[in-house]
Amino acid sequence: MITHFNPGTVMARQKRKTLEERIADRQAQRPALKEGSHFEHGPAKFVFIFLVVLVAMIHIVGLTVLMALDSV
């Protein structure tokens, strides 16, 4: 059982901002986003471009296979 109390640690905990306040402060310090030149999430951009290229390649390969089968 702890019998001693250190008020300094309690004060240090009370002075620290909450996570939401720290995020809000960080976002307020960021510069304004430029119109049309910013994708909100980097990995989402990668996944989006990968899926678009993948679908295009599947269509091209499928069309090639169908054209090859049609000429047989």
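Just so you know, residue 1 is the first one in the sequence shown, and it goes up from there.
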Output a table of donor-acceptor pairs, distance under 3.5 Å, between side-chain atoms of residues 54-64 and any protein atom two or more places apart or on a different chain; print 'none' if there are none.
unit_1: His59; atom_1: ND1; unit_2: Val55; atom_2: O; d: 2.7
unit_1: Thr64; atom_1: OG1; unit_2: Ile60; atom_2: O; d: 2.7

Qualifying residue, where the test is side-chain contact (heavy atoms from CB on, under 4.5 Å) with Thr18 and the options are Glu21, Arg22, Arg16: Glu21

Contacts of Asp70 meeting salt bridge (Lys or Arg N to Asp or Glu O under 4.0 Å) (sequence neighbours excluded), chain-then-number -> none

